[in-house]
Amino acid sequence: MVGADQIRDQLDRILERRTADTRLTTMGAGSDDLDDGRAYLAATVDGGWHVPTWPSEHGGRGADADEAGLIGGILRSYVVPDLYPFAIGLGMVGPALLAHGTEEQQHRWLRPIAAGTEIWCQMFSEPEAGSDLANVGLRAVRDGDEWVLTGQKTWTSRAMWAEWGICLARTAPDQPKHKGLTMFVIRMDAPGVEVRPLGQMNGDTHFSEVFVDGARVGDDWRVGDEGEGWRVAMTILAHERAGGGSRGGGDGAAKESALPTWIADLIPSGAASDPVWRDVIARIQIHDLVARWTARRAADEARGGGTPSPAGSGAKLRSVQSYKSRAYSTNRAVGAEGMLTSGHGYIETITAPSMSIRGGTDEIQRNILGERVLGLAGEPRLDRDVPWSESRKGVI
Ligand SMILES: Cc1cc2nc3c(=O)[nH]c(=O)nc-3n(C[C@H](O)[C@H](O)[C@H](O)COP(=O)(O)OP(=O)(O)OC[C@H]3O[C@@H](n4cnc5c(N)ncnc54)[C@H](O)[C@@H]3O)c2cc1C
């Protein structure tokens with residue numbers, strides 16, 4: 001295993017060390033500058049620094065969990081731009097291709113993800129399939145060696161930047177809803193694919209509706225077996241909930257041993273020296289650290305493959321709580337300035353509600369924890385064994 005000094009020595013050659021003044025943008029919150037992320041990934045791919053556990057031929061360095069943890073910790077003291085646009089590829093699709101993809105698929109798609117040359121989006125949700133994701137209705141019909149895809153996806157983050165989409169589709173409507181699904185990769189500029197951006201209240205416009213009308217996908221772009229789409233989707237969601245789909249890079253905090261940037265930012269307002277605010281700040285910081293450690297544990301479990309455990313749901317709930325309390329408190333602590341669009345914590349405050357929705361809502365995470373950890377009674381699931389084509393949809 002490579003030592004800490006060697007890692008620093010190599011990273012010093014390609015990256016800038018972070019200083020107390022280093023600030024980061026909050027992508028996925030009103031900013032869509034892709035260049036810094038592309039430059040960082042181009043610089044780190046040959047050493048396999050950003051995705052160290054991936055095989056070296058795919059842009060990683062074949063590191064074990066200990067080495068990856070060491071590298072991740074050291075990377076925090078360098079300027080790592082916000083990698084939000086690249087996070088679905090790096091944090092969700094990459095691990096899913098390693099778990100379920102063919103060698104050819106891994107060879108085709110992994111290195112461009114690690115190098116930042118190709119962006120991915122996640123085409124799961126539909127107007128009638130959000131929390132009830134297994135209700136996906138976008139149809140894929142086989143035609144020789146190809147599949148013809150038709151239907152609508154919605155809330156597709158990053159679709160307007162993406163070259164590729166990972167798309168959950170219905171291949172067997174006569175099967176019960178979880179069983180008739182298959183996962184495909186689709187080119188976002190293919191004939192029949194139309195991306196219509198939606199504006200969010202924080203200024204983001206990369207969040208889109210995607211209309212698919214007869215788009216063709218080769219059978220070699222199917223990920224996992226026919227009818228195994230739910231299993232692949234669960235792998236992707238386990239990584240998303242463990243934090244793989246979030247900002248995926250610099251996280252706005254300085255080294256864990258130094259004063260975090262968000263607290264340093266509060267010093268001019270006087271909040272950091274007020275005893276009541278100091279108490280609030282300390283509590284948030286403790287929750288934030290616990291959230292990160294929970295996320296790391298969930299990410300390790302997700303990397304182990306197999307059936308995703310509920311750890312990701314716990315990690316997601318904690319990280320949402322931590323993000324919200326940081327955003328709202330920072331915004332309140334600076335007083336009237338917090339109402340300005342340029343004010344501390346403003347963008348984070350208007351982005352925060354969406355954190356409880358993306359990747360599965362807080363209620364759904366609590367349902368999972370209630371059933372799988374606490375052993376509470378399950379939800380009534382009357383349509384579980386009924387063919388999807390015969391189940392009632394859009395009915396409350
Ligand atoms: C910023 C953002 C980015 C997103 N990015 C993507 C993306 O890139 N790709 C993608 O595929 N999707 C994406 N989504 C979609 C997201 O996964 C869904 O919005 C989410 O799963 C909820 O689905 P829904 O919006 O259809 O709400 P619904 O499922 O209609 O839920 C409405 C309300 O009912 C509650 N509810 C529903 N069922 C239950 C239940 N069984 N028990 C208790 N409460 C319940 C929910 O918690 C929620 O409060 C994104 C969403 C947001 C906000």
Side-chain angles (χ1 to χ4, degrees), residues 26-30 32 84-93 96 119-138 151-162 164-169 177 181 183-184 186 188 195 197-210 212 229-230 232-234 236-241 244-248 312-313 316-317 319-320 323-324 327 347-348 350-372 376-384 393-396:
T26 306
M27 293 261 244
D32 59 0
Y84 179 86
F86 308 90
I88 288 184
L90 292 166
M92 294 156 57
V93 173
I119 292 178
W120 285 69
C121 65
Q122 175 197 25
M123 293 167 63
F124 283 13
S125 302
E126 297 181 4
E128 287 189 13
S131 299
D132 187 10
L133 182 60
N135 195 34
V136 153
L138 184 141
Q152 185 197 343
K153 295 291 175 182
T154 192
W155 320 131
T156 315
S157 306
R158 308 146 169 104
M160 64 184 264
W161 297 325
W164 300 100
I166 187 110
C167 180
L168 187 60
K177 62 181 185 177
L181 296 166
M183 193 68 80
F184 295 94
I186 185 167
M188 298 309 288
V195 175
L198 300 165
Q200 288 184 73
M201 68 178 176
N202 64 4
D204 275 356
T205 53
H206 63 83
F207 185 66
S208 308
E209 293 178 295
V210 183
V212 183
W230 186 250
V232 182
M234 287 304 101
I236 292 175
L237 284 181
H239 284 277
E240 177 168 21
R241 289 170 183 164
S246 62
R247 299 175 56 214
S313 298
K316 192 191 175 235
L317 276 176
S319 70
V320 167
Y323 184 96
K324 283 185 164 174
I347 273 288
E348 288 80 3
I350 56 171
T351 301
S354 72
M355 296 294 179
S356 284
I357 304 172
R358 54 177 92 179
T361 66
D362 289 356
E363 290 77 19
I364 295 301
Q365 309 312 324
R366 291 197 185 97
N367 282 353
I368 293 170
L369 293 174
E371 289 182 29
R372 294 185 54 194
L376 301 177
E379 295 240 292
R381 294 189 176 93
L382 302 177
D383 57 356
R384 202 175 176 86
K393 300 174 192 70
V395 180
I396 299 205

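Both counts, for ligands and for their atoms, begin at 1 and track the order of listing. Only this structure's heavy atoms are used, side chains among them; waters, hydrogens and symmetry mates stay out.
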> Would you say atom 34 (O) of ligand 1 touches the protein, meaning some protein heavy atom is under 4.0 Å from it?
Replying inline: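 No, because not a single protein heavy atom sits under 4.0 Å from atom 34 (O) of ligand 1.
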>> Classify the ring geometry of Phe207 against Trp155: parallel below 30°, tilted from 30° to 60°, perpendicular beyond 60°.
In response: parallel
[X] heavy atoms, cut-off 4.0 Å: which ligand 1 atoms fall inside?
{"X": "Ile364", "answer": "38 (N), 39 (C), 40 (C), 41 (N)"}
{"X": "Thr361", "answer": "22 (C), 46 (C), 47 (O)"}
{"X": "Phe124", "answer": "11 (O)"}

So which of [options] gets nearest to [atom], if we judge by its closest heavy atom?
{"atom": "atom 2 (C) of ligand 1", "options": "Trp155, Phe207, Trp120", "answer": "Phe207"}
{"atom": "atom 19 (O) of ligand 1", "options": "Leu237, Asn367, Ile357", "answer": "Ile357"}
{"atom": "atom 28 (P) of ligand 1", "options": "Gly360, Ser131, Ala159", "answer": "Ser131"}
{"atom": "atom 49 (O) of ligand 1", "options": "Arg158, Glu128, Glu363", "answer": "Glu363"}

Can you tell me which residue and heavy atom of the protein come closest to [atom], and the distance to 0.1 Å?
{"atom": "atom 8 (O) of ligand 1", "answer": "Ser157 N, 3.0 Å"}
{"atom": "atom 1 (C) of ligand 1", "answer": "Arg358 NE, 3.4 Å"}
{"atom": "atom 24 (P) of ligand 1", "answer": "Gly130 CA, 4.0 Å"}
{"atom": "atom 11 (O) of ligand 1", "answer": "Ser125 N, 2.7 Å"}
{"atom": "atom 41 (N) of ligand 1", "answer": "Glu379 OE1, 2.8 Å"}

>> So, using ring pair (Phe, Tyr, Trp, His ring centres under 6.0 Å) as the criterion, who are the partners of Phe184 when residues are at least two apart?
In response: Trp147
> Is it the side chain (CB and beyond), the backbone, both or neither of Leu133 that lies under 4.0 Å from ligand 1, heavy atoms counted?
Replying inline: neither
> For ligand 1, is there an atom lying under 4.0 Å from some heavy atom of Lys153?
Replying inline: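 Contact absent.
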> So, the side chain of Lys153 versus the backbone of Ser208: is there a donor-acceptor pair under 3.5 Å, distance only?
Replying inline: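 Checked: no pair found.
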> Do you know which two heavy atoms are closest between Pro353 and Met201, and how far apart they sit?
Replying inline: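 Smallest interatomic distance, heavy atoms only, reads CG-CE, 4.0 Å.
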> Under 6.0 Å from the CH2 atom of Trp230, do we count more than 12 heavy atoms belonging to anything else shown?
Replying inline: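 Counting other residues, nucleotides and ligands, CH2 of Trp230 exceeds 12 neighbours.
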